[in-house]
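Heads up, the thing below is written out as structure tokens.
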Protein chains: 2
Amino acid sequence: MNKKRQVTTAPVSLAQVAAAAGVSVATVSRIVNGQTQRASTETAARIREVIETLGYRPNHVGRALRRRESRIVAMLSPNLDNPAMAAIAASTEAALRAAGYVMILCDTHDRPDLQDEYLHAMRSQGVRGYVLVNAVDSLALAGAVGRGDPIVFVGRRNPVGPGPFVGIDNYRAGADAADHFWSLGIRRPAVIYPSQGSSTTRDRVAGFIERMRHLGIAEDQIRRADAPGLSHLQVGYEAARILVGTGDWPSGLLCASDLMAYGAYRLAWEQSVSIPADCRILGVDDNALNAWLAPWLTSVHIPYDAFGSRVVAQLEILWRGDQPEDDLLPHRLVAR
Amino acid sequence: MNKKRQVTTAPVSLAQVAAAAGVSVATVSRIVNGQTQRASTETAARIREVIETLGYRPNHVGRALRRRESRIVAMLSPNLDNPAMAAIAASTEAALRAAGYVMILCDTHDRPDLQDEYLHAMRSQGVRGYVLVNAVDSLALAGAVGRGDPIVFVGRRNPVGPGPFVGIDNYRAGADAADHFWSLGIRRPAVIYPSQGSSTTRDRVAGFIERMRHLGIAEDQIRRADAPGLSHLQVGYEAARILVGTGDWPSGLLCASDLMAYGAYRLAWEQSVSIPADCRILGVDDNALNAWLAPWLTSVHIPYDAFGSRVVAQLEILWRGDQPEDDLLPHRLVAR
DNA sequence: ACAATTTAGGCAAACGTTTGCCAAACTCTC
DNA sequence: GAGAGTTTGGCAAACGTTTGCCTAAATTGT
């Protein structure tokens with residue numbers, strides 16, 4: 001008794017279609033690619049008939065080799081566990097499919113070495129373009145940028161130079177957060193953020209501080225704390241602990257991301273600090289779960305659902321050979 | 001002034017390496033593939049030298065065409081927005097990378113037509129195997145299964161026959177939930193689940209009901225409600241509304257998933273029902289955010305982090321030509 | 001010294017496409 | 001009815017690999 005499974009049957013090739021239709025592969029290829037003016041109506045119909053009955057589907061590998069371009073796009077993203085990253089991946093995947101592409105997803109864990117490994121692997125794979133979510137500085141990235149490979153940066157700008165960007169105006173988002181606190185009468189809000197901040201979180205904090213300064217609150221009046229770490233949940237918890245370790249809970253607390261807000265919330269819960277009564281927490285991302293699980297959290301909504309089509313639009317500009325401009329999507333503060 | 005970007009430089013090919021080293025492409029190919037016994041030590045060294053300086057990397061497209069097998073695996077998953085699906089995707093991606101593969105991610109939105117479209121596209125892409133998360137019944141799936149394509153089913157079993165499976169024992173998970181309620185002295189728990197239930201949720205509910213019956217609670221004593229819809233959040237909210245519309249809140253409520261539990265929680269919040277004081281809610285999935293945002297939720301932990309390596313193990317068995325056995329991972333109830 | 005074997009490496013045919021070029025066979029036009 | 005133009009379609013060369021087969025040269029055995 002043999003436990004081996006049957007070998008999986010091979011797909012139909014152009015040659016088989018050609019043989020069955022009594023024409024050359026060239027003719028079939030042209031029909032498949034819609035060049036109807038290169039075959040008589042009857043021949044075309046016959047070929048289509050055979051294609052239908054044989055169930056022929058073009059082999060993308062052969063096509064990619066010959067055309068020297070595939071229909072695969074690589075997305076490199078740090079930790080997919082972050083709901084914001086998952087949202088970006090989901091919307092980009094959908095937009096790519098609509099445009100006739102498929103997406104290879106690579107989780108870089110925010111590590112430059114992994115990012116490099118993936119960039120190399122994707123180039124070998126002959127991908128048509130790259131979507132780099134929160135890219136980090138790395139050797140192969142510099143190489144790809146230098147070569148002029150089609151890359152779109154999402155969330156975080158190109159760390160090794162200029163390059164097409166899709167995201168929000170983080171600086172203004174921070175400023176809006178300041179305005180929100182101000183309109184609530186909160187004059188001494190605090191802010192927490194990750195230690196090894198990217199341009200993203202740095203911009204948010206900078207916009208916040210600057211706007212507060214503009215409203216008349218000196219920079220050194222704004223309490224702030226940061227913490228290292230990979231998970232923003234942990235970072236939020238730790239940074240909040242550091243912050244309130246040196247004083248009371250602030251009446252308003254801006255967190256650089258929703259996940260950080262969750263971390264801070266947990267500390268508040270442990271310390272029996274009532275949210276939002278004792279401390280208004282503000283996050284950024286507007287995670288879809290907030291409406292269900294975190295009604296206490298006001299957050300800056302980032303339209304991740306819209307990112308996908310914008311990313312594809314940028315890629316298509318690059319493929320045309322043009323130079324795209326940064327695409328800053330509108331954010332808005334949603335209070336619950 | 002031309003706004004076009006410079007054309008991206010082509011990668012180095014085997015032929016270029018061969019020319020630079022003064023040997024044939026065959027020899028270079030053999031060195032690249034580690035067949036050292038087919039070249040003298042000096043030749044091998046010289047070739048490696050050239051490879052290094054030219055920065056040659058094998059083109060996976062050409063290789064895939066010739067070898068008739070790629071290093072790409074396709075994952076088809078319904079809505080990535082679901083944190084559980086994202087967790088599966090993340091762990092599978094990591095395990096695949098460790099094994100030298102890359103992952104194309106396809107979001108089927110639980111739609112058979114999209115699943116079929118992707119199955120066809122992936123076959124054209126020449127993927128080495130398929131990971132189907134919560135697969136639905138569809139034509140192309142039956143075709144792929146019939147052909148003996150390497151497919152691993154995750155979460156939900158193959159809807160069109162047998163097939164390698166990675167997941168948990170959902171029936172036992174339901175039973176464990178029943179035991180948990182019982183140990184808390186809750187004798188009349190309720191249960192909510194999606195209307196168009198998959199085998200997954202059906203098994204959970206069935207295990208729950210059966211265990212309760214075994215404990216002496218007749219099936220018709222257990223209140224239950226279901227609701228249709230795509231998002232388990234909505235489903236949970238609606239089903240809970242239907243459930244309590246016909247009576248009081250139960251002292252214990254099993255929800256077929258954590259997302260459904262969030263939905264039910266929101267209704268409770270709107271109706272000023274105190275959770276967990278008035279009603280113990282039990283979920284399944286043990287979402288990573290629960291610890292931070294939903295301390296009121298007890299959940300059946302599913303080791304999604306471990307799924308990835310198990311999935312790859314199943315794939316490797318299939319690739320060897322053997323018949324894998326179902327891989328049921330241990331779950332456990334975590335109370336907070 | 002000669003045959004037998006091993007070693008080192010090249011040739012060329014695939015794999016499934018696409019496409020430039022060429023050539024018959026039509027269809028006009030005068 | 002001859003030239004000119006248009007249809008219709010095939011040939012063959014790529015694209016970058018891998019690998020079966022072949023052949024010189026080098027080594028070994030007798």
Side-chain angles (χ1 to χ4, degrees), chain A residues 8-48 50-51 54-72 120-121 123-128, chain B residues 8-48 50-51 54-72 120-121 123-128:
Chain A
T8 173
T9 48
V12 183
S13 78
L14 215 45
Q16 295 176 52
V17 175
V23 295
S24 75
V25 288
T27 306
V28 183
S29 172
R30 289 194 264 252
I31 293 301
V32 168
N33 292 27
Q35 286 188 44
T36 44
Q37 73 281 24
R38 294 298 304 274
S40 70
T41 324
E42 309 89 68
T43 314
R46 183 158 37 96
I47 291 175
R48 271 190 273 266
V50 172
I51 286 178
L54 260 53
Y56 167 77
R57 292 185 172 257
N59 177 324
H60 285 76
V61 180
R63 180 176 280 180
L65 183 58
R66 169 62 219 229
R67 287 201 182 143
R68 313 173 67 88
E69 71 175 40
S70 74
R71 302 292 281 183
I72 304 181
H120 284 133
R123 184 157 134 99
S124 299
Q125 220 48 265
V127 301
R128 183 84 187 277
Chain B
T8 171
T9 48
V12 182
S13 78
L14 216 44
Q16 295 176 51
V17 175
V23 294
S24 73
V25 287
T27 307
V28 183
S29 172
R30 290 193 263 254
I31 294 301
V32 168
N33 292 33
Q35 289 188 43
T36 44
Q37 73 282 23
R38 296 295 306 274
S40 71
T41 325
E42 310 90 70
T43 313
R46 183 158 36 95
I47 292 177
R48 272 190 271 268
V50 174
I51 286 179
L54 259 53
Y56 168 78
R57 291 183 174 259
N59 177 325
H60 284 73
V61 180
R63 179 176 281 180
L65 184 59
R66 169 63 219 230
R67 287 201 184 144
R68 313 171 68 85
E69 70 175 40
S70 73
R71 301 293 281 184
I72 304 180
H120 284 132
R123 185 156 132 99
S124 298
Q125 226 35 275
V127 300
R128 183 83 187 277

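The analysis underlying the following values was restricted to heavy atoms, covering all of them including side chains, and did not include hydrogens, waters or symmetry mates. Naming: A, B, ... by sequence-line order, numbering from 1 per chain.
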> What one-letter contact string describes nucleotides 5-10 of chain C from 5' to 3', where B marks a base within less than 4.0 Å of any protein heavy atom, S marks contact via sugar-phosphate atoms alone, and - marks no contact?
Replying inline: ---SBB

>> Please report the distance, rounded to the nearest Å, between CZ in B:Arg68 and C1' in C:dT17.
In response: 13 Å

>> Distance check needed: D:dG20 C1' versus B:Arg66 CZ, whole Å only.
In response: 9 Å

> Roughly how bent is the helix from C:dA1-D:dT30 to C:dC30-D:dG1 end to end, in steps of 10 degrees, with each end axis from five pairs?
Replying inline: 50°

> To the nearest Å, how far apart are A:Leu65 CG and D:dT17 P?
Replying inline: 9 Å

>> Any base atoms under 4.0 Å from B:Ser29, or only sugar-phosphate, or nothing? Heavy atoms, all strands.
In response: base

> Taking only residues two or more places apart in sequence, or in another chain, which ones meet B:Ile31 in a side chain to side chain contact (heavy atoms under 4.5 Å, CB included)?
Replying inline: B:Ala39, B:Ala44, B:Ile47, B:Arg48

> Are any of the side-chain heavy atoms of A:Arg123 and B:Arg57 separated by less than 4.5 Å?
Replying inline: no

> Want to settle it: does A:Gln35 or A:Val61 sit nearer the 5' end of DNA chain C, counting the closest nucleotide to each?
Replying inline: A:Val61

> Is there a donor-acceptor pair closer than 3.5 Å between any side-chain N or O of B:Asn59 and the backbone N or O of B:Val61?
Replying inline: yes

Please tabulate, for the side chains in residues 10-25 of chain B, all donor-acceptor contacts under 3.5 angstrom to protein atoms that are two or more places apart in sequence or on a different chain.
| residue | atom | partner | partner atom | Å |
| --- | --- | --- | --- | --- |
| B:Ser13 | OG | B:Ala15 | N | 3.3 |
| B:Ser13 | OG | B:Gln16 | N | 3.4 |
| B:Ser24 | OG | B:Ala26 | N | 3.4 |
| B:Ser24 | OG | B:Thr27 | N | 3.4 |
| B:Ser24 | OG | B:Thr27 | OG1 | 3.3 |

> Quick one: is B:Arg67 getting a side-chain N or O under 4.0 Å of the D:dT18 phosphate, OP1 or OP2?
Replying inline: yes

> For B:Ser40, which residues count as a side chain to side chain donor-acceptor pair (under 3.5 Å) partner, sequence neighbours excluded?
Replying inline: B:Thr43

>> Rounded to whole Å, how long is the line connecting atom CD of A:Glu69 with atom P of D:dG16?
In response: 14 Å

> Between B:Gln16 (CD) and D:dG16 (C1'), how many Å, whole number?
Replying inline: 11 Å

> How would you list, by chain and number, every residue that makes a side chain to side chain donor-acceptor pair (under 3.5 Å) with B:Arg30, sequence neighbours excluded?
Replying inline: none

> Rounded to the Å, how far apart are A:Asn59 CG and C:dC15 C1'?
Replying inline: 9 Å

> Counting distance only, does the side-chain N/O of B:Ser70 pair as donor-acceptor with the main-chain N or O of B:Ala64 below 3.5 Å?
Replying inline: no

Show me the protein contacts with nucleotides 23-27 of chain D, counting only N or O atoms at under 3.5 Å.
none

> Can you tell me how far C1' of D:dT17 sits from CZ of B:Arg57, to the nearest Å?
Replying inline: 17 Å

> What salt bridge (Lys or Arg N to Asp or Glu O under 4.0 Å) pairs are there with at least one residue in residues 58-70 of chain A, not counting sequence neighbours?
Replying inline: A:Glu69-A:Arg128

> Any donor-acceptor pair under 3.5 Å joining the side chain of B:Arg63 to the base of D:dT17?
Replying inline: no

> Expressed in angstrom and rounded to an integer, what is the separation of A:Ile51 atom CD1 from C:dT17 atom C1'?
Replying inline: 13 Å

>> Strictly below 4.0 Å: does B:Asn33 bring a side-chain N or O up to OP1 or OP2 of D:dT18?
In response: yes

